[in-house]
Amino acid sequence: MASTEALLPVTSLQDPLSESRSDQIPETRRRRPIKVHLAVYSGLLLIALYVTLIVTHDGSKAEIATESRPRMAGVSEKSNDGVWISSDDGKVE
Amino acid sequence: AFPWNNTILSWQRTAFHFQPEKNWMNDPNGPLFYKGWYHFFYQYNPNAAVWGDIVWGHAVSKDLIHWLYLPIAMVPDQWYDANGVWTGSATFLDDGSIVMLYTGSTDEFVQVQNLAYPEDPSDPLLLKWVKFSGNPVLVPPPGIGAKDFRDPTTAWKTSSGKWRITIGSKINRTGISLIYDTTDFKTYEKHETLLHQVPNTGMWECVDFYPVSKTQLNGLDTSVNGPDVKHVIKASMDDTRIDHYAIGTYDDSNATWVPDNPSIDVGISTGLRYDYGKYYASKTFYDQNKGRRILWGWIGESDSEAADVQKGWSSVQGIPRTVVLDTRTHKNLVQWPVEEIKSLRLSSKKFDMTIGPGTVVPVDVGSATQLDIEAEFEIKTDDLKLFFDDDSVEADNKFSCETNGGSTARGALGPFGFSVLADEGLSEQTPVYFYVTKGKHSKLNTVFCTDTSRSTLANDVVKPIYGSFVPVLKGEKLTMRILVDHSIVEGFAQGGRSCITSRVYPTKAIYGATKLFLFNNAIDATVTASFTVWQMNNAFIHPYSSDDLGVPSST
């Protein structure tokens, strides 16, 4: 959940950009290719940033799984989540 | 995840085990008997079916079976318990008054010990609790982590007349029990020595310490000591969520305890356990009403948190058990469901069956959702003789329920027992069984197991095979008792020398489709089973009213 929130600002960055692109429509033809290049590069940059955040997202999720709320508060683990996945192998809890 | 629906989830709620009306429960707290009522407090989240926002739930009973929910006893309303009113224990003082010591998680998540007492000692229901104005009475001592200092025990008397408590903790990977003396429960003197410590066992939670008689079958008050007494230390292992105990000798003069057998010390994986299934954070109390020591244990869920949220509740308490030293082996405790559970027995059927190798027999008891089964097994003498006279059969001292394939792995003399919570086609079943092998010096080596691996078709459930070795002495038959109550199965072998509690979540073997089977999956043994099966009534567990309590209404 926390990581979903972390992605939100990145997504929202795209909206101002696309707005600015639409704002540029009346501008001169000479300057347009530069703007297009800028938009493409910015887009690529954003995609790279997005991918980076996805990786970070997975990492933080793993951390959350090991540090549950009771663990963080200072008592023993209370949930089986993360354990039951292996249960089909007949593994002992 | 399995698509749970309300029909299946509703069936999972137990009928005669204690659980709150809804939401999350964990450790038993401060159990006691006072003015005619058994009081049970418990770690409770009033807001959700998952752990958090912990308060002290409270219920009372006349018989440990039928319960009335009372208002919440204590909530986090002070800086020293702002993040949770955690586990604690009750002590009766010499004048009969009660003090309660409990762990508070402070506003900064530091674990401290706090004192509380009943507002009105004349109230048999102990409805209102007052927190001592000088709380906290204990903070983590130097060298102990802020989150490694919790769950004070019931106090016991020293020979010098002081009160003594122990609190679980750890130093690096060594599990320890700290010792404090007090005269007033407000100020404490810490011993430099520890009651006990065991390396590589991690944090000890919910430590329990009590005497057991070497000669008598009655329970002992926590302060009793003497030559006919052994002392038990139990600790709940934070790392493994297993309750381990050991039996040993307590020295009052230096406040230390020594195990009888260091190789099975507290927390060692091959050491003794109250229960070889799912059983944690347990706590005993001395029941002065009937002169017995009673054990409570928290039984969590084996399904997913998502399923718990969907059904709206999580966790049950095991049926309270009497606990005594095994006066025949002197090496283990025996636990047995309190006698009051028999009051729930309805109709019964008695069976004598002889079943050959590789046989599964339906037991005609009607619906098998709520049962109490008591059984004796005998392996045909000729089969036993053949087996033990066969030199080609080697001793198998390493057999373990967990690793030897469960109830489908066939051996010469086992497995045999009952499949509970099974459907007609045995697509779902939970076998509770014995498995006999040749041990050292051609002696019988018996293990008692519960195999939950086929208990449900659902995939989002932990389905372990539980079990352990169980001592069977010369002249003893193999005996087991099983309590079945919807999603919980409690098994007791050899009078309670070995116990296994499991949580199971069938999807087909529910309501009227739940069956009971007797099976013998041995290759070479014919087994005779003599057993009685009782249908079990529902316990009466609901919110209190003035009528229930026999007191005039306040309106």
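Only heavy atoms go into these numbers, but all of them, side chains included; no hydrogens, no water, no symmetry mates. Only a predicted model underlies this, so the values are computations on that prediction, with no experimental measurement involved.
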Heavy-atom nearest pair, A/Ala73 first then B/Ser105, reads O-OG, 4.4 Å
Quiz item: So, are B/Asp308 and A/Lys78 salt-bridged, with charged N and O less than 4.0 Å apart?
Solution: no
Interatomic distance, OG@A/Ser79 vs CG@B/Asp303, rounded to 0.5 Å, equals 9.0 Å
Of the listed B/Asn26, B/Thr452, B/Ile54, B/Asp53, the one with the largest count of heavy-atom pairs under 4.5 Å with chain A is B/Asp53
Heavy-atom closest pair (B/Arg241 atom, A/Glu77 atom, distance to 0.1 Å) is CD-O, 3.1 Å
Going by heavy atoms in the side chains, are A/Arg71 and B/Asp238 under 4.5 Å from each other?
yes
dist A/Ser76:OG -> B/Met203:CE (nearest 0.5 Å) comes out at 9.5 Å
Here the gap from A/Ser68 atom OG to B/Trp51 atom CH2, rounded to the nearest 0.5 Å, amounts to 8.5 Å
Across all chains, not counting sequence neighbours, the side chain to side chain donor-acceptor pair (under 3.5 Å) partners of B/Ser282 are B/Asp243
Under 4.5 Å to a heavy atom of chain A? For B/Asn83 that would be neither
Sorted by chain and residue number, the disulfide bond (SG atoms under 2.5 Å apart) partners of B/Cys206 (sequence neighbours excluded) come out as none
Side chain B/Gln111, main chain A/Gly74, donor-acceptor under 3.5 Å: yes
